[in-house]
Amino acid sequence: KAEDFGAKSFYGCKSLTQKVNTSASTIGASAFEASGITELYIDGTVGNTIVIGAKAFTKCPNLKIAEIDAATDIKYSVGAGVFEGCTALTSAVYTGPVIADSMFSGCTALEKVNTFGTAIEDDAFKGCAVLKSVQDMSGASMVATSIGDSAFAGCEALVDVHANRTTVFTGSSQYTGCSTIKTAPVNTLTKGMFSECTSLESVGCLETITDIPAECFMGCKSLTTDKL
């Protein structure tokens, strides 16, 4: 088995319709971008670090399963957009600590994610229309320590905000268009945070918050509170 895949090594290889099962320590930027691979399994690593370059598996139209499942003491370096636009991807396992920028953005068929990650960066799950929740490795709903800009925007089926009163939010529009969310036990608000969350009924911080950002609850037609 190969231990390293260089940048763009299989870029655009649409007829490469096979599983990738490897213990590679380095997968370069765009290594398999727009290729025909069907399943991905990284079940270990050579050395102490997993390096996955930006857009390594972006826009792989046949990729249905992706599992990056290595030992917990492994160090991760992961670029942006690793699985962005993989529209056939339904299931993912990722044991790294950070769900990187745009990691699953545009994965419109993604239903299930299990992860050790607790930091969710910008656009990480943007447009994952059928994703209901993100689970930890035990199957429980994960609670993030931080959530970035538009991280869950457009996740129409999402039922859990994956946050609590200690979660740190950066940027804006974290849950824009999440039309199934009903409650949000958060302690911070941002611009456009819950805009068009048409099922949202309650938000935990409304009894203590002093500043309501622009467009925060725009279009939240189910929201009721006596705490304003």
Side-chain angles (χ1 to χ4, degrees), residues 1-117 119-131 134-135 137 148 150-155:
K1 294 182 180 180
E3 295 180 3
D4 294 290
F5 296 90
K8 296 188 176 181
S9 50
F10 292 101
Y11 181 97
C13 294
K14 295 181 180 180
S15 297
L16 193 70
T17 53
Q18 65 180 62
K19 298 178 183 179
V20 175
N21 194 337
T22 181
S23 296
S25 56
T26 301
I27 299 175
S30 299
F32 290 91
E33 182 176 349
S35 70
I37 63 170
T38 58
E39 298 177 24
L40 169 69
Y41 302 96
I42 300 177
D43 56 3
T45 182
V46 177
N48 243 0
T49 304
I50 290 179
V51 178
I52 302 176
K55 298 184 180 295
F57 303 98
T58 250
K59 295 180 180 177
C60 291
N62 304 320
L63 183 62
K64 294 183 177 181
I65 299 172
E67 297 188 2
I68 302 173
D69 188 359
T72 55
D73 58 347
I74 295 297
K75 295 179 181 179
Y76 285 77
S77 176
V78 178
V82 171
F83 297 107
E84 185 176 6
C86 291
T87 54
L89 186 66
T90 61
S91 174
V93 173
Y94 175 64
T95 51
V98 177
I99 301 171
D101 288 357
S102 302
M103 191 167 193
F104 297 103
S105 179
C107 294
T108 52
L110 186 62
E111 298 175 348
K112 182 181 179 182
V113 177
N114 290 92
T115 183
F116 280 137
I120 302 175
E121 295 191 337
D122 296 355
D123 302 323
F125 294 102
K126 186 176 183 179
C128 294
V130 298
L131 181 67
V134 180
Q135 299 177 339
M137 297 302 288
S150 299
F152 290 103
C155 293

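- Within the structure, every pair that satisfies the salt bridge (Lys or Arg N to Asp or Glu O under 4.0 Å) test and touches residues 80-105, not counting sequence neighbours, is listed here: Lys55-Glu84.
- Inter-residue side-chain proximity for Val78 and Val98 is flagged as unmet; no heavy-atom pair is nearer than 4.5 Å.
- You'll find the side chain of Phe152 reaches within 4.5 Å of the side chain of Val134, heavy atoms only.
- Distance alone, capped at 3.5 Å, is enough to place a donor-acceptor pair between the Thr115 side chain and the Tyr94 backbone.
- At a threshold of 4.5 Å between non-hydrogen side-chain atoms, the residues Asp4 and Ser25 count as touching.
- The minimum heavy-atom distance between Leu89 and Ala66, with the atom names listed, is CD1-N, 3.8 Å.
- The CD1 atom of Ile65 sits 8.5 Å away from the CG atom of Leu63 when rounded to the nearest 0.5 Å.
- Remark: Phe57 pairs with Phe32, Phe83 by the ring-ring contact (aromatic ring centres under 6.0 Å, His included) rule, at least two apart or across chains.
- For the atom pair Ile42 CD1 and Asp69 CG, the distance stands at 10.5 Å (nearest 0.5 Å).
- Distance check: Ile68 CD1 to Leu40 CG gives 6.0 Å after rounding to the nearest 0.5 Å.
- Here the closest non-hydrogen pair linking Thr87 and Gly106 is CG2-O, 3.8 Å.
- Residues Val113 and Leu110 approach most closely at CG2-CD2, 3.5 Å, considering heavy atoms.
- Taking every heavy atom of both residues into account, Ala100 and Gly79 meet most closely at CB-O, 3.6 Å.
- Rounding to the nearest 0.5 Å gives a distance of 13.5 Å between OG of Ser105 and CD of Glu121.
- Between the Ser102 side chain and the Ala80 main chain, no donor and acceptor come within less than 3.5 Å of each other.
- A distance of 4.5 Å separates OH of Tyr11 from CD of Glu33, quoted to the nearest 0.5 Å.
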Intermediate values then yes/no, side-chain contact (heavy atoms from CB on, under 4.5 Å), Tyr76 and Thr95: CA-CA 9 Å; Tyr76 285 77; Thr95 51; 2.5 Å; yes
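- Between Lys19 and Thr38 there is a side-chain heavy-atom pair separated by less than 4.5 Å.
- Here the straight-line distance linking atom CG of Leu131 with atom CD of Glu111 works out to 9.0 Å at 0.5 Å rounding.
- Counting all heavy atoms, side chain and backbone alike, Met137 lies closest to Val93 at CE-CG1, 3.7 Å.
- Closest approach of Ser35 and Phe10 over heavy atoms only: CB-O, 3.7 Å.
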